[in-house]
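Every chain is numbered from 1, with letters handed out A, B, ... down the list of sequences. When reading the values below, keep in mind they use all heavy atoms of this one structure, side chains included, and skip hydrogens, waters and symmetry mates. In this text the structure is predicted, and so the values were computed from the model without any measurement.
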There are 2 protein chains.
Amino acid sequence: MKTIDIAGLSHRTGLPASTLRYYEERSLISSIGRKGLRRLFDATVFQRLALVALGRSAGFSLSEIEAFFSSDGSAFIDRKLLHEKAAEIDHQIQILQHVRDGLLHVAECPEPSHLECPRFQKMMRIAAKKQARAAKR
Amino acid sequence: MKTIDIAGLSHRTGLPASTLRYYEERSLISSIGRKGLRRLFDATVFQRLALVALGRSAGFSLSEIEAFFSSDGSAFIDRKLLHEKAAEIDHQIQILQHVRDGLLHVAECPEPSHLECPRFQKMMRIAAKKQARAAKR
DNA sequence: TTGCCACTTCAAGTCGACTTGAGGTCAAGT
DNA sequence: ACTTGACCTCAAGTCGACTTGAAGTGGCAA
């Protein structure tokens with residue numbers, strides 16, 4: 001079986017070795033053994049790291065990602081949670097679209113009065129509503 | 001002129017007083033004076049806070065939002081910066097769309113083999129590339 | 001066999017955005 | 001005039017996700 005040490009894994013993933021050790025400590029990945037003190041990983045670790053990357057991009061915390069990996073090693077079993085997160089992301093996309101439009105509006109509008117513009121105000125109201133939720137991330 | 005104290009402002013915005021003090025310390029908002037020790041705010045603070053909320057929703061750090069407020073108190077004057085940020089947000093929207101699709105794919109696919117699906121792998125590659133940036137937010 | 005240095009562990013530090021707590025002040029109601 | 005308690009300041013704590021540093025170990029080239 002082909003194995004890779006932490007330096008190689010770091011090189012191939014772009015993640016610092018410290019992060020990989022940290023992920024192992026958090027049980028997000030696992031090494032298949034040691035050569036002396038040194039960790040050895042096999043190819044499955046790449047998949048695992050890709051899933052972690054996906055989860056991070058989706059805004060999951062490491063704890064949440066941990067929860068996705070069930071005890072038997074299989075991953076992402078909770079479909080309901082996945083759908084919920086997808087919906088959350090959809091929502092965030094909509095907010096970002098409003099915010100982008102708001103920024104562009106401000107950039108285009110030559111007036112100092114864009115703060116009075118109803119379009120801008122509407123966008124701000126949307127942003128403000130989501131403040132509490134957004135601030136939690 | 002109508003003024004409001006920190007408790008009233010907190011009540012009307014939903015933000016804790018500690019957060020409002022913190023924002024004042026960061027120069028994101030300003031009080032118009034004091035009654036004894038107590039801060040007094042006027043109506044303009046609501047607009048200011050709405051802009052801060054907007055910025056936070058857009059994923060800006062408080063420092064970035066500070067930068068938007070120019071020294072003379074007017075806001076969002078740097079059109080180039082605004083366009084840049086809008087483009088950045090556009091980019092983030094695209095990533096989130098991929099991530100959402102990835103989550104849905106995993107949720108739908110009843111096989112343990114979704115990890116081999118080319119669509120999924122492509123999405124994961126995109127997510128992985130953006131990991132560093134996403135992790136910073 | 002020796003020596004280098006990439007790896008190891010473990011504790012502590014960092015960063016952003018706040019929150020919490022101790023100890024102090026003062027506006028306002030009785 | 002006194003008390004109450006909401007406000008004040010400033011320092012320190014928190015949380016998540018890592019990073020950094022010191023001190024130790026051992027694989028491998030010469």
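Between B/Tyr22 and C/dG16 there is no side-chain N or O to OP1 or OP2 distance below 4.0 Å. Within the structure, a side-chain polar atom (N or O) of B/Arg21 is placed less than 4.0 Å from OP1 or OP2 of D/dC8. Side-chain N/O atoms of B/Thr19 include one lying less than 4.0 angstrom from OP1 or OP2 on C/dT19. Neither OP1 nor OP2 of D/dC7 sits under 4.0 Å from any side-chain N or O of B/Arg39. Distances shorter than 4.0 Å separate none of the side-chain N or O atoms of A/Lys35 from OP1 or OP2 on C/dC7. A sub-4.0 Å separation between OP1 or OP2 of C/dG16 and a side-chain N or O of B/Arg56 is absent.
Using a 4.5 Å cut-off on side-chain heavy atoms (C-beta onward), A/Leu54 and B/Val99 make contact.
Spacing between atom CD of B/Glu25 and atom P of D/dA12 amounts to 15 Å, rounded to whole angstrom units. Rounded to whole Å, the distance from CD on A/Glu24 to P on D/dC18 is 15 Å. When rounded to the nearest whole Å, the span between CZ of A/Arg34 and P of C/dA6 equals 18 Å. Here C/dT9 presents its P atom at 13 Å from CG of A/Leu20, a figure rounded to the nearest Å. Note: CZ (A/Arg26) to P (C/dC10) measures 17 Å, nearest angstrom. The separation between B/Glu64 atom CD and C/dC15 atom C1' is 14 Å, rounded to whole Å. C/dT8 atom P lies 8 Å from atom CG of A/Leu37, rounded to whole Å. The distance between atom CG of A/Asp5 and atom C1' of C/dC5, rounded to the nearest whole Å, is 13 Å.
The backbone N or O of A/Ala53 sits less than 3.5 Å from a side-chain atom of A/Ser57, completing a donor-acceptor pair.
Dense packing is recorded around NE2 of A/His83, with more than 12 heavy atoms of other residues, nucleotides or ligands lying under 6.0 Å away.
In the set C/dT19, C/dT25, D/dA17, the nucleotide with an atom closest to the side chain of A/Leu62 is D/dA17.
Nucleic acid contact class of B/Ala17 (heavy atoms, under 4.0 Å, all strands): none.
For B/Arg38 and D/dA6, a side-chain-to-base donor-acceptor distance below 3.5 Å is present, hydrogens and geometry of angles not being considered.
Expressed to the nearest 0.5 Å, how far CZ of A/Arg48 lies from CD1 of A/Ile29 amounts to 9.0 Å.
Of the charged side-chain nitrogens involved, none lies within less than 4.0 Å of a carboxylate oxygen, so that A/Arg21 and A/Glu25 do not count as a salt-bridged pair.
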